[in-house]
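Hydrogens, waters and symmetry mates play no part in the numbers below; they use all other heavy atoms, side chains included. Below, chain A is the first sequence line, B the second, and so on; all start at residue 1.
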2 protein chains.
Amino acid sequence: MAEVKSDISIARAAKKKPIQEVGAKIGIPSEHLLPYGHDKAKVSADFIKSVQKNKDGKLILVTAINPTPAGEGKTTTTVGLGDGLNRIGKKAVICIREASLGPNFGMKGGAAGGGYAQVVPMDDMNLHFTGDFHAITSAHNLLSALLDNHIYWGNELGIDTRRVVWRRVMDMNDRALREIVVSLGGVANGYPREAGFDITVASEVMAILCLAKDLKDLEKRLGDIIVAYKRDKSPVFARELKAHRAMAVLLKDAIQPNLVQTLENNPAFVHGGPFANIAHGCNSVMATTTALKLGEYVVTEAGFGADLGAEKFFDIKCRKAGLKPAAAVIVATVRAMKMNGGVKKEDLGPENVEAVKKGCPNLGRHIENVHQFGVPVVVAINHFYSDTDAEIAALKAYVKEQGAEAILCKHWAHGSAGIEELAKKVVEIAEGGASQFAPLYGDDLGLFDKIDTIVKRIYRGSEAIADKSIRDQLHQWEKQGYGNLPVCMAKTQYSFSTDPNLRGAPTGHTVPVREVRLAAGAGFVVAICGEIMTMPGLPSKPSSENIHLDDNGDIEGLS
Amino acid sequence: MAEVKSDISIARAAKKKPIQEVGAKIGIPSEHLLPYGHDKAKVSADFIKSVQKNKDGKLILVTAINPTPAGEGKTTTTVGLGDGLNRIGKKAVICIREASLGPNFGMKGGAAGGGYAQVVPMDDMNLHFTGDFHAITSAHNLLSALLDNHIYWGNELGIDTRRVVWRRVMDMNDRALREIVVSLGGVANGYPREAGFDITVASEVMAILCLAKDLKDLEKRLGDIIVAYKRDKSPVFARELKAHRAMAVLLKDAIQPNLVQTLENNPAFVHGGPFANIAHGCNSVMATTTALKLGEYVVTEAGFGADLGAEKFFDIKCRKAGLKPAAAVIVATVRAMKMNGGVKKEDLGPENVEAVKKGCPNLGRHIENVHQFGVPVVVAINHFYSDTDAEIAALKAYVKEQGAEAILCKHWAHGSAGIEELAKKVVEIAEGGASQFAPLYGDDLGLFDKIDTIVKRIYRGSEAIADKSIRDQLHQWEKQGYGNLPVCMAKTQYSFSTDPNLRGAPTGHTVPVREVRLAAGAGFVVAICGEIMTMPGLPSKPSSENIHLDDNGDIEGLS
């Protein structure tokens with residue numbers, strides 16, 4: 001076996017092309033690329049306007065089984081498939097999310113793929129990149145400052161200061177800011193009240209940026225944000241604070257998609273990064289719709305496993321943006337099947353065909369679920385060195401029984417050469433035109449019934465349950481005109497149930513809804529089913545201790 | 001009189017050149033310019049290294065009388081002089097500070113000059129620009145998070161949680177964050193304590209970035225930051241939290257100078273922006289020293305009037321970076337002289353030669369003060385339409401009596417054509433070689449004596465006074481090895497005294513030192529003489545209400 005190189009050493013050895021050349025591959029003239037350094041660029045609004053009459057390419061979703069500590073490689077497969085499609089002569093564009101800066105200093109590694117299926121420049125993408133998240137932080141916190149400022153100067157709108165729902169954000173893992181008291185220190189500093197910070201990716205502004213069709217739509221949605229309630233429980237909007245237009249100014253560049261390249265110099269849009277629990281977990285609509293105008297194929301991914309990620313991709317992003325996915329790739333690994341079959345991480349080494357078979361129903365259910373949306377499925381087995389032929393055969397056989405095909409992919413080790421077969425299969429499915437995409441539920445179903453539908457048909461639980469106060473809240477929102485919104489489920493990503501340790505394909509569980517939140521600007525109702533952390537902390541030995549510049553000024557320790 | 005155009009309409013009509021052409025004027029090859037869009041770029045570290053053996057150009061400081069509500073136009077004159085020097089055939093580079101984002105949404109206008117003496121792109125420079133301030137915010141807050149995280153996980157270093165001195169920062173005017181309590185909510189969130197936010201420009205990280213000679217020096221200084229004290233009052237350093245190296249990674253790009261252009265396409269470095277009260281108020285050492293290697297002339301400015309700005313420029317920046325200014329331009333206006341002579345702002349219209357004469361001693365003292373540093377002076381009269389010939393003549397005559405020359409400058413209305421005479425005079429002085437620059441005091445003078453020296457020789461007060469506790473603190477720092485640092489005065493910019501309403505040239509006042517702070521990373525001791533606000537608030541009608549995008553996507557209301 002050859003020496004295994006680290007992701008960062010592979011990334012650093014990449015022969016990057018000037019970003020203008022990468023843009024030229026998909027017809028973007030260099031004057032419409034706003035460069036950030038020599039290897040990153042934003043695509044101009046004028047250019048995006050100019051291609052609106054182009055025919056759309058085919059949209060491929062990469063999703064996965066429920067994540068396990070064994071690792072599935074969803075982003076790696078997304079990047080690999082994009083390269084693979086280019087390799088077989090299709091003009092393909094990759095669309096993935098941007099990484100959050102804060103978690104890199106805790107324990108998280110990068111989010112740009114791995115091995116020989118990566119997007120570069122990895123360092124920049126894990127740090128400030130093109131500044132989008134900083135712009136979101138600024139826009140969010142401007143609204144926060146304007147809100148407290150309004151109260152300070154006399155509270156003309158009659159905000160109930162006990163019912164301020166708009167927090168502040170920072171792109172940092174800082175648990176000390178989760179719950180704070182602000183405006184201490186007397187009359188010059190305002191009216192003390194409880195407040196707190198979330199991490200930037202949890203901001204509704206992030207979700208809005210990722211769902212907005214254009215700058216005008218962005219501004220409208222920012223105005224629709226509910227920041228607080230009055231004594232009569234009627235909402236107070238960002239628009240009433242006259243905040244939304246200045247926020248749009250701060251986001252003017254951030255909303256333009258970022259173009260980078262894969263290790264094989266193929267185009268990738270890396271844009272937006274909403275949380276996959278309290279938000280919808282997909283890259284931006286602007287990036288996806290632009291990519292569809294420029295490429296024959298667009299390969300994108302959604303956060304977490306298919307129960308959360310694909311469902312939200314279909315029911316929120318595709319519904320709202322009018323997208324029609326042509327096929328879905330579900331990423332699985334032999335190791336993850338074994339963990340779903342009850343094997344512990346430390347025992348994954350030896351061959352265990354029985355465990356693979358035992359774990360397969362988790363994958364089987366995801367296949368069934370995606371089929372419910374009318375989208376054809378192919379399974380990508382992301383190969384690990386330790387996989388045995390018998391294990392792979394067992395996994396393939398299982399998928400065949402489900403009416404789909406599983407294809408072994410070696411893009412991590414071999415780049416596009418290792419994923420040609422999957423690329424060809426994806427083209428066959430997409431060009432076959434079998435997809436008949438439709439969301440799971442209609443807009444006019446009641447909010448609680450939407451939740452219940454997802455619980456029954458996707459999670460295969462017996463029912464969704466909720467206290468009367470939560471049902472009342474949902475009814476109130478329906479009366480206020482928000483009943484047509486889709487729901488955004490916030491649930492553990494590790495299981496179909498709300499118990500993260502319950503792997504495989506459980507049935508019959510109830511799903512308790514603990515809390516509901518209205519994201520009126522983003523356009524969804526969040527149903528929180530379990531503990532959801534919106535401001536992470538740092539571990540006792542944060543990875544920041546090892547992140548440093550070497551003598552050449554190169555970054556070490558980032559991934 | 002021709003129609004007066006707004007700064008922003010002039011800026012928007014500018015015929016900008018590609019930034020590569022601007023860089024080429026001073027010998028920067030395009031591969032060493034990291035572009036941010038087509039009109040902004042960072043200069044690469046490699047290029048800066050490669051020019052270290054070049055001969056230095058001549059450094060010209062632009063400073064001013066004490067600011068008045070009439071406006072003096074220091075940045076406008078800095079930009080105009082740079083253009084003027086280029087016009088008369090000198091290769092000149094401008095070095096000014098970056099603008100802070102937050103205050104733009106309150107009431108402050110931009111900071112890129114005015115009229116026909118501006119730096120562009122103005123919009124970007126007042127918003128995210130190249131992301132430097134966001135990077136500083138991230139680096140600062142990473143240290144804050146690591147500090148609380150260290151306490152959370154057991155406080156191995158024995159930090160006295162009552163003596164945490166490192167706050168958090170945000171680039172926003174948000175008074176609600178001035179005084180807060182963090183880590184509420186129980187054991188998972190940590191140990192509640194009082195904390196607070198400053199605006200980013202007040203961060204010691206900003207001062208460090210602006211004083212660092214290179215990336216290595218930056219990292220060392222970040223490690224030297226004192227974040228808290230132990231029970232025995234010994235300091236806890238950022239280095240002990242293993243934070244400084246990751247902070248340097250976050251600042252890797254931010255430390256590289258930003259190149260933009262004037263309306264006349266001349267090169268300008270716009271880099272760094274430390275507060276002019278609790279910090280030294282100058283653009284970065286990296287930008288200034290790089291500009292000196294590339295231009296025959298470098299025109300730069302310092303915050304506030306000469307009593308604060310020029311003194312800190314000479315005693316902190318020039319001392320630490322080994323800079324030798326060749327000349328200083330003191331900007332004055334007829335209107336400001338009249339205000340110093342007792343005229344109210346609303347009465348500035350009619351001619352009032354007596355008031356001009358009465359106000360001149362403020363200017364006279366600044367001339368004397370700059371001469372104390374061995375630096376020759378020329379006065380720039382920044383022309384306003386309302387100035388009368390008699391008023392201008394009175395001002396010129398006064399300056400002549402002080403052994404200097406005052407030159408009428410019309411760069412605001414006419415660009416470089418209006419400031420040729422000043423440019424020629426500056427060249428005459430600089431090439432005459434009369435400057436014999438030396439700081440006001442030696443490194444080895446005691447800390448309190450340094451303060452007292454500034455009070456007596458620059459402010460012309462009778463003495464500096466301070467409680468025993470403050471003097472004891474200064475002595476303790478001297479014992480700990482910080483006695484050789486310069487002092488950074490934080491005092492009202494409106495008067496030589498600590499009373500902002502006392503214009504003109506007062507004498508005999510005492511200057512009480514209320515508080516002292518040690519900025520061990522930046523390398524100075526701050527002496528606070530009066531109320532210093534490090535987190536501004538928003539007014540009752542914030543300017544954000546008018547900031548918006550027009551139908552072309554252009555920003556309106558920013559300045």
Side-chain angles (χ1 to χ4, degrees), chain A residues 31 34-38 45 101 105 127-128 131 134-135 137-138 141-142 144-146 148-149 152-154 170-185 188-190 194-195 215 219 242-243 245-246 248-250 252-253 537-538 540 542 544-545 547-549 553 555 558, chain B residues 31 34-38 45 101 105 127-128 131 134-135 137-138 141-142 144-146 148-149 152-154 170-185 188-190 194-195 215 219 242-243 245-246 248-250 252-253 537-538 540 542 544-545 547-549 553 555 558:
Chain A
E31 67 268 26
L34 279 171
Y36 285 69
H38 300 293
L101 182 157
F105 298 99
L127 293 171
H128 309 293
H134 291 315
T137 303
S138 292
N141 291 335
L142 173 61
S144 312
L146 288 169
D148 275 309
N149 191 58
Y152 177 86
W153 286 106
M170 187 186 280
D171 194 359
M172 193 58 66
N173 288 17
D174 191 348
R175 69 169 68 74
L177 294 177
R178 284 175 190 154
E179 293 187 32
I180 66 176
V181 170
V182 297
S183 299
L184 296 169
N189 297 351
E194 287 185 42
L215 200 48
E219 186 175 291
K242 302 191 183 79
R245 299 192 310 165
V249 166
L250 282 166
K252 183 175 82 86
D253 295 328
L538 291 167
S540 59
S544 60
E545 295 185 0
I547 295 174
H548 66 279
L549 296 164
I555 299 169
L558 197 53
Chain B
E31 67 268 27
L34 279 171
Y36 285 69
H38 299 294
L101 182 157
F105 298 98
L127 293 172
H128 308 293
H134 291 315
T137 303
S138 293
N141 291 335
L142 174 61
S144 313
L146 289 169
D148 275 310
N149 191 58
Y152 177 86
W153 286 106
M170 186 186 279
D171 194 0
M172 193 58 66
N173 288 19
D174 191 348
R175 69 168 70 73
L177 294 177
R178 284 175 190 154
E179 293 187 32
I180 65 176
V181 170
V182 296
S183 299
L184 296 168
N189 297 352
E194 288 185 41
L215 201 47
E219 187 175 290
K242 301 191 183 75
R245 299 191 312 164
V249 167
L250 282 166
K252 183 175 83 85
D253 295 329
L538 292 167
S540 58
S544 62
E545 295 185 0
I547 295 175
H548 66 279
L549 296 164
I555 299 169
L558 197 54

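Judged by distance alone, the side chain of B:Arg175 and the main-chain N or O of A:Tyr152 form no donor-acceptor pair under 3.5 Å. Judged by distance alone, with hydrogens and angles left aside, the side-chain atoms of A:His134 form no donor-acceptor pair with the main-chain N or O of B:Ala135 at under 3.5 Å. Between the side chain of A:Arg245 and the backbone N or O of B:Glu545, at least one donor-acceptor pair lies under 3.5 Å.
Residue B:Leu538 touches chain A through both its backbone and its side chain, counting heavy-atom pairs closer than 4.5 Å. Both the backbone and the side chain of B:Leu549 come within less than 4.5 Å of a heavy atom of chain A.
Most heavy-atom pairs under 4.5 Å with chain A, from the set B:Ser183, B:Ala248, B:Gly537: that is B:Ser183. For the set B:Ile555, B:Ile180, B:Leu101, B:Asn149, the entry with the most heavy-atom pairs within less than 4.5 Å of chain A is B:Asn149. Each of A:Ala45, A:Ala243, A:Ser138 has some count of heavy-atom pairs under 4.5 Å with chain B, and the biggest count is that of A:Ser138. Heavy-atom pairs under 4.5 Å with chain A peak, among B:Ala145, B:Gly154, B:Ala176, at B:Ala176. Counting heavy-atom pairs closer than 4.5 Å to chain B, the top residue among A:Pro542, A:Ser544, A:Gly190, A:Gly553 is A:Ser544. Contacts with chain A were tallied for B:Val181, B:Leu215, B:Asp253; B:Val181 has the most, counting heavy-atom pairs under 4.5 Å. With respect to chain B, the highest number of heavy-atom pairs below 4.5 Å among A:Gly131, A:Gly185, A:Gly37, A:Ser144 belongs to A:Gly37. Put simply, of A:Glu219, A:Met170, A:Glu194, the one with the most heavy-atom pairs under 4.5 Å next to chain B is A:Met170. Among the candidates B:Asp148, B:Asn141, B:Leu127, the residue making the largest number of heavy-atom pairs closer than 4.5 Å to chain A is B:Asn141. Between chain B and the residues A:Lys242, A:Glu31, A:Glu179, the most heavy-atom pairs under 4.5 angstrom are made by A:Glu179.
In this structure, CZ on B:Arg178 lies 5.0 Å from CG on A:Asn189, to the nearest 0.5 angstrom. Interatomic distance, A:Leu142 CG to B:Asp171 CG, rounded to the nearest 0.5 Å: 11.0 Å.
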Practice item. Test side chain to side chain contact (heavy atoms under 4.5 Å, CB included) on A:His38 and B:Leu34 and set out the steps. Key: CA-CA 7 Å; A:His38 300 293; B:Leu34 279 171; 3.6 Å; yes

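Nearest heavy atoms, A:Ala246 versus B:Phe105: CB-CE2, 4.0 Å.
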